[in-house]
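Below you'll find the structure, written out as structure tokens, and then a few comments.
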Amino acid sequence: MIALGVAPRPRRPLSERLSPTELGAAVLDGELQRLGDDVAPIDLPVTTRSRARALRRAVPDRRVIVSDRSAAWIWGWVLPVPPLTTSVSITARVPSPERRRLRAREVVIDPDETVELDGLIVTTPLRTLVDLARHDTAPDAIEVVARGMLEHRIPPDEVARALDRRTRLAYVRRARALVEAAGRLVAPDDLSRC
């Protein structure tokens, strides 16, 4: 029974309550599923927020932004969990050892290009599409960008405008070609904002 005016204590994550051996056994037995650096019950739906929570321990510094493929995984565009990719704003003043540990790329990014999900700072879907188009060289990059445009109903011309937002971006020509190719994979009706 909870007394009035007293908030319940939050439960510690499973990864903190069970030993690594117990966690591994529960995953092998099919009772738990790996979710980034964390685990979750197999019958629990995997959501954007649960994926963000799974990476929160790996990125404790709120100045570090989850970006590129890791952001695409959080938004649900790629499986399985990719290696962690992060960015930091050039104005954030994150020490070099921390940036190197997280392999964080310094970027010019505005506050409206990030969102907080359960304590984790992540690039918005639009900024994630821009970053993927500019930097992702994986064979499925076009499909991932198309999936992102479809999931969030972001038309290719909106991604192109986001590329135009900054005049000195590198790899813009490559990004435009990739966005154009991804746009051909998605029917215009699927992108309409109803």
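Across all their heavy atoms, Pro156 and Val179 have their closest contact at O-CG1, 3.7 Å. When all heavy atoms of Val186 and Ala146 are compared, the closest pair comes out as CG2-O, 3.6 Å.
Hydrophobic clustering of Ile, Leu, Val, Met, Phe, Trp and Tyr side chains at less than 4.5 Å, counting indirect connections, keeps Val81 apart from Leu28. Under a hydrophobic-cluster definition in which Ile, Leu, Val, Met, Phe, Trp and Tyr are linked whenever side-chain heavy atoms come within less than 4.5 Å, directly or via other members, Val107 and Ile121 are assigned to the same cluster. Placement of Val59 and Ile109 in two distinct hydrophobic clusters is found when ILVMFWY residues are connected by side-chain heavy-atom separations under 4.5 Å, directly or transitively. Linking ILVMFWY side-chain heavy atoms closer than 4.5 Å, directly or via other members, places Val130 and Tyr171 in two distinct hydrophobic clusters. A continuous path of Ile, Leu, Val, Met, Phe, Trp and Tyr side chains, each step under 4.5 Å between heavy atoms, connects Ile142 with Val144, placing both in one hydrophobic cluster.
In summary, Glu180 and Arg184 engage in a salt bridge, as defined by a charged side-chain N under 4.0 Å from a carboxylate O. Taking 4.0 Å as the cut-off between side-chain N and carboxylate O, Glu158 and Arg153 do not count as a salt-bridged pair. Classification of Asp68 and Arg103 as a salt-bridged pair fails, no side-chain N sitting under 4.0 Å from a carboxylate O.
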| query | Checking salt bridge (Lys or Arg N to Asp or Glu O under 4.0 Å) for the pair Arg127/Asp110: CA distance, chi angles, key distance, verdict? | reply | CA-CA 10 Å; Arg127 176 61 189 241; Asp110 293 330; over 6 Å; no
| query | For Ile154 and Leu129, what are the C-alpha separation, side-chain angles and deciding distance, and is it a side-chain contact (heavy atoms from CB on, under 4.5 Å)? | reply | CA-CA 9 Å; Ile154 300 172; Leu129 289 170; 3.8 Å; yes
| said: Let's go through His152 and Trp75 carefully: what are the C-alpha distance in whole Å and the side-chain angles of both, what is the deciding distance for side-chain contact (heavy atoms from CB on, under 4.5 Å) to 0.1 Å, and is it a yes or a no? | reply: CA-CA 9 Å; His152 292 276; Trp75 295 118; 3.9 Å; yes
| request: Show your reasoning for whether salt bridge (Lys or Arg N to Asp or Glu O under 4.0 Å) applies to Asp140 and Arg147. | output: CA-CA 11 Å; Asp140 67 341; Arg147 195 171 306 122; 5.6 Å; no
| field | Full working for side-chain contact (heavy atoms from CB on, under 4.5 Å) between Leu169 and Val172 | value | CA-CA 6 Å; Leu169 287 178; Val172 171; 3.4 Å; yes
| query | Step by step, would you call Trp73 with Val66 a side-chain contact (heavy atoms from CB on, under 4.5 Å)? | reply | CA-CA 10 Å; Trp73 176 74; Val66 176; over 6 Å; no
| said: Is there a salt bridge (Lys or Arg N to Asp or Glu O under 4.0 Å) between Arg51 and Asp118? Walk through the geometry before answering. | reply: CA-CA 10 Å; Arg51 286 187 288 268; Asp118 279 1; over 6 Å; no
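In this structure, CG on Leu132 lies 6.5 Å from CH2 on Trp77, to the nearest 0.5 angstrom. Residue Arg62 holds its CZ atom at 9.5 Å from OG1 of Thr114, rounded to the nearest 0.5 Å. The distance from atom CZ of Arg49 to atom CG of Leu120, rounded to the nearest 0.5 Å, is 11.0 Å. For the atom pair OG1 of Thr91 and CZ of Arg63, the computed distance is 10.5 Å after rounding to the nearest 0.5 Å. Here the CG atom belonging to Leu163 is positioned 8.5 Å from the CG atom belonging to Leu126, to the nearest 0.5 angstrom.
The closest donor-acceptor contact from the side chain of Arg134 to the backbone of Ala170 lies under 3.5 Å. In this structure, the side chain of Glu151 does not engage the main chain of Gly148 through any donor-acceptor pair within 3.5 Å. Looking only at distances, no side-chain donor or acceptor of Arg56 sits under 3.5 Å from a matching main-chain atom of Gly119.
Considering only heavy atoms from C-beta on, Arg161 stays 4.5 Å or farther from Arg165 through its side chain. Under the 4.5 Å side-chain criterion, counting only non-hydrogen atoms from C-beta, Val159 is in contact with Met149. The side-chain heavy atoms of Ser89 and Val108, taken from C-beta on, include no pair separated by under 4.5 Å. Between Glu106 and Ile90, the closest side-chain pair of non-hydrogen atoms falls below 4.5 Å. When side chains are defined from C-beta on, Leu117 counts as touching Ile74, because their heavy atoms get closer than 4.5 Å. Contact check for Arg69 versus Asp131: no side-chain heavy atoms found under the 4.5 Å cut-off.
Side-chain contact annotation: Ser70 with Thr85, donor-acceptor N/O pair under 3.5 Å present. Judged purely by distance below 3.5 Å, without hydrogens or angles, the side chains of Thr128 and Thr123 pair a donor atom with an acceptor atom.
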